[in-house]
Amino acid sequence: MRTTPFAAIRSLFSITDEQAMWRVQNEDDETAFAQLVRRWEGPIRQLCGRMTGDVHRGEDLAQEAFARVFARRKEFRLDGRFSTWLWRIALNLCYDELRRRRRRPEMMADDAIHDSAEAIDSLDSLAADDPPPDKTLMGQESGEMVRQMLMRLPENYRTVLVMRHYENLKFREIAEVLDIPEGTVKSRMAEALSQIGLLLKPMIAEDNRNISKPTQKPHQSLVL
Amino acid sequence: MNHPTREEWMSYLYDELTGEEHADLAAHLAVCPECNANVRSWRGLKHDLDAWQLPARTTRKSWNRPIVRWAAAAAIILIAGFGIGRLSASRAANVEQVRAALEPSLRKELRQELSQLLRQQLDQSSTTTLAAAGTQTRDMLGDFVRAYEQNRADDNRAVYAALARLDSERMADSTALKRDLDTVAVYSEAGLRQTQRQLVSLANNTGSSGNPSDLPPN
């Protein structure tokens, strides 16, 4: 998680996650639990959304994760870090969701339609105050392209990439969550970047062919 | 040339190296076109990955799904009901405040109900237990009294039998004693008679030689 100076100062006057979890565990303190949800709801929702490639499902999974945290509050070991435990719970829910999808391929087709509808919705929502439409459109397309390519990555590579790149966890923290050596995390990250590069290359080339305006330099950064 | 490993480059890309380590890799990058190309490629990919942005919180727009429509209708009804309820109750407090205000009283009521229920169950249980204990005690006392009377009757019978046996034995002894006494009396009388006869005969024998009147008459 990114920490701003304001957040750092505020954290001095607030209880730690582990202290809050102790209250939840021993006193069923709803206020402490609400505090934990406020702190972690965003990152967990982002993780689930990125891992499943579905923002809405990510929100549902995040809620499930917190419900599971509360249901299993007695299982939390106070000598461990709350964040590690929470990431694990959320990741396991994501894996379960992905397994369910693999068992029901028809859901994938439905999701594809749903994703297309989402993409159209997001394009419809372009506002006049936003950057120029063509630029925003390209950004949306690139984002959708990245999302699709990430969903093609093997889960273990995607997990590391999402946690390091999007959730900004350190390699050491990812190793702790996944319970694997830090070196393995780094090698998976390198492999994930290599694979995503290979996946993106043909799409970017095609994209560049379609956009052939000489005054613009679209997706300059996407050229590998 | 010794190239740094991919793992080291990952730490470099994501700024997880110490200053010295970072400087070493940067120096290598300056002289190694191969590593330089790789790092540039990875940096480009990092930038590309940023293109996928998730909204802070979504507003779901899948209105074309029937289940969503039903859920929306239910939500509208619920919200309307909630709004009407709030208006009729003329309360301005928000949900959190209402919840915070209600929770202690609800907890108190719940605790009271639970304690009352527990007390009732305890009373009922103790009554049932006492009744069962009383019945059992009565049964046991009845059994004891019956057994006691039976034992007493057996004892009485045994005592009567013993007394009767003793009485009969006493009677037999008395009879035997009387018979013995009679026998002794008969033998004594016979002995006396014989003694008397002997004395008479002796006196007769002596009278021929002396005064027989010296002997007492029989």
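Neither the backbone nor the side chain of R188(A) comes within less than 4.5 Å of any heavy atom in chain B.
Below 4.5 Å, heavy atoms of chain A meet heavy atoms from R6(B), E7(B), M10(B), S11(B), L13(B), Y14(B), E16(B), all part of residues 4-22 of chain B.
With rounding to the nearest 0.5 angstrom, the NE2 atom of H47(B) is 10.0 Å from the OG atom of S142(A). Atom CZ of residue R43(B) and atom CG of residue L193(A) lie 12.5 Å apart, to the nearest 0.5 angstrom.
The neighbour count for Q136(B) CD, taken as heavy atoms of other residues, nucleotides or ligands under 6.0 Å away, does not exceed 12. No more than 12 heavy atoms of other residues, nucleotides or ligands shown are found within 6.0 angstrom of NZ on K178(B). The environment of E169(B) atom CD is dense: over 12 non-hydrogen atoms of other residues, nucleotides or ligands sit within 6.0 angstrom.
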Worked check of side chain to side chain contact (heavy atoms under 4.5 Å, CB included) between L54(B) and Y166(A): CA-CA 10 Å; L54(B) 289 187; Y166(A) 293 108; over 6 Å; no

Verdict with supporting geometry, W52(B) and E144(A), side chain to side chain contact (heavy atoms under 4.5 Å, CB included): CA-CA 7 Å; W52(B) 184 27; E144(A) 176 58 21; 5.9 Å; no

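L45(B) and G197(A) make their closest contact through CD2-CA, 3.5 Å (heavy atoms, listed as atom of the first residue, atom of the second, distance).
Using a 4.5 Å heavy-atom threshold, the side chains of W42(B) and S194(A) count as touching. Counting heavy atoms from C-beta outward, V146(A) and D50(B) have side chains that stay 4.5 Å or more apart. At a threshold of 4.5 Å between non-hydrogen side-chain atoms, the residues D48(B) and I196(A) do not count as touching.
Contact tally against chain B (heavy-atom pairs below 4.5 Å) for K170(A), R50(A), E182(A): the top residue is R50(A).
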